[in-house]
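Structure first, then comments.
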2 protein chains.
Amino acid sequence: MTPPTDPARRAPLSRERVLRAAVALADGTGIEALSMRRLAQDLGVVPMALYKHVANKEELLDGMVDVVVGGIGSPDLDPGWRAAVRGRILAAREALRSHPWALQVIRSRNGPTPALLAHMDAVIGSFRNGGFSVDLTHHVMHALGSRLLGFTQEVFDAPAAAPHPRPPEPDAALGQLAERYPYVAELAGASAHDDGSVVGRGCDDQLEFEFALDLLLDGFERLRHEGWTSAPAGGQAC
Amino acid sequence: MTPPTDPARRAPLSRERVLRAAVALADGTGIEALSMRRLAQDLGVVPMALYKHVANKEELLDGMVDVVVGGIGSPDLDPGWRAAVRGRILAAREALRSHPWALQVIRSRNGPTPALLAHMDAVIGSFRNGGFSVDLTHHVMHALGSRLLGFTQEVFDAPAAAPHPRPPEPDAALGQLAERYPYVAELAGASAHDDGSVVGRGCDDQLEFEFALDLLLDGFERLRHEGWTSAPAGGQAC
DNA sequence: ACCTGAACACCGTTCAAGT
DNA sequence: ACCTGAACACCGTTCAAGT
């Protein structure tokens, strides 16, 4: 496979080299193929050697998240809260785009990594500097949810990354689908872009994402302008 | 453990019994503890006996999803699109509430199960009957994303279900957090309800969920009223 | 014909033995 | 002191042998 370099001479293992190799492995063969044993094999070392640089697999995943999230660029100037938030979220989308496993791994973590905290801090700061109250900022951050990281959370994951792709439906099954789920069939028929899944990949594309993002940003601006507060009666609601 | 009933006399295995036991196991000990071997043990049978009723673990998970999603009640009358959609989504939230693993498992499936299709068909139907064009319905379904099932997709999963809960941050770490991520700290300080995670569980509660849902529904109504269309220039965008 | 124990090819991690 | 092979306790699934 690799050119015949002397394995004993290869670059010494380091945390960074381990993390970069793990990201490459997940990119190339999917997150479910990422095992400590397989990663060690890719690096040409014995599995136990990895445990010098990461405490366990959890810490490895944390490190991978920070490698990817750390790559989110920050827009330089502050062009108003809306453009700042929009730009940062679309930058996150760009950074995560080539790492389909990243969102799923982030979700499985128990807490934020430093790079994630930095990203959230920047977005929160844009809201606050744009005149959002702490209360409203709190709510809009929740409303954004995983869209903070540039991804619409669809009901199903991207079938592209699926290890066991569904076989294409036979025509009879499609007919049955139309009969039993007429509205689903109508929608699937109208959007000629995908294979029949209504809320699947294929359509989590830029336009679709920006539609939902702008809808939310419009709503945020309206609430900000109205001086919205969560507890008209006085008490903190959440 | 169990009363001394004759194991040979226990109810014969059936697909339904297998699925119900799997749901109970995932509810009780978490989805990561659900293995074919452990499930077989709970049922007092040899692991291979399960493969009579489900082809493999994937099909087992599909079946579990349908058990839970099949429990979503449907509001009887049609009280206008907004109340119908709102009611159905909150019913989904109720049905999934006691099965924290369900959303994650649904997301990992490659396609919809029958019960999921039925749920989506009902929601789509409410939009269409409420005067939404196919085009707009398609977009708002995407904008809802996993909120269709009653859950705001937060950046992190609920730490409640986490197998390795984070130890509470020492005070020094909290101080550092405030210094490095001032906006995160401000938000965390203002919301006294949780342990410092900004976009974690603890706050995905009913009010928070309904805030985001109503914000979206408001936006949908506005677009419907304006006769919004995705392609002002003529072409189908997505 | 039916059922099932052993086996296969994995996994993350521990630990004692070797250098 | 450092490194690592073997081992432990798992996993989903195959398959041949037993009834």
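What you are looking at is a predicted structure, and each value in this text was computed from that prediction instead of being measured. In what follows, chains are A, B, ... by sequence order, proteins preceding strands, each numbered from 1.
Of the C1' atoms belonging to dT14(C) and dG12(D), the separation is 24 Å, rounded to the nearest Å.
Judged by distance alone, the side chain of D27(B) and the main-chain N or O of H99(B) form no donor-acceptor pair under 3.5 Å.
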Could you pull out the protein-nucleic contacts involving nucleotides 10-13 of chain D (nitrogen or oxygen on both sides, under 3.5 Å)?
| residue | atom | partner | partner atom | Å |
| --- | --- | --- | --- | --- |
| dC11(D) | OP1 | S35(B) | OG | 2.8 |
| dG12(D) | OP1 | M36(B) | N | 3.1 |
| dG12(D) | OP1 | K57(B) | NZ | 3.0 |
| dG12(D) | OP2 | M36(B) | N | 3.0 |
| dG12(D) | N7 | R37(B) | NH1 | 2.3 |
| dG12(D) | O6 | R37(B) | NH1 | 2.9 |
| dT13(D) | OP2 | Y51(B) | OH | 2.9 |
| dT13(D) | OP2 | K57(B) | N | 3.1 |

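With distances taken from any side-chain atom of K52(A) to the nucleotides dT4(D), dG5(C), dC3(D), the minimum falls on dC3(D).
Counting heavy atoms from C-beta on, the side chains of T152(A) and F211(A) never come closer than 4.5 Å.
Remark: A91(A) pairs with I72(A) by the side-chain contact (heavy atoms from CB on, under 4.5 Å) rule, at least two apart or across chains.
Between R93(A) and E210(A) there is no salt bridge, since none of the side-chain N atoms of the basic residue sits less than 4.0 Å from a carboxylate O of the acidic one.
Among the duplex regions that DNA chain D forms, those built from at least three successive Watson-Crick or G-U pairs under 3.5 Å are C:4-8 with D:12-16, C:12-16 with D:4-8, ordered by first number.
Summarising the geometry of M36(A) relative to N56(A), their closest heavy-atom pair is CE-C, 4.4 Å, with the distance given to 0.1 Å. Contact record, L19(A) with M64(A): CD2-N, 4.0 Å, taken as the closest heavy-atom pair.
Atom CZ in R86(B) sits 14.0 Å away from atom OG in S126(B) (nearest 0.5 Å).
E16(A) CD: 12 or fewer foreign heavy atoms inside a 6.0 Å radius.
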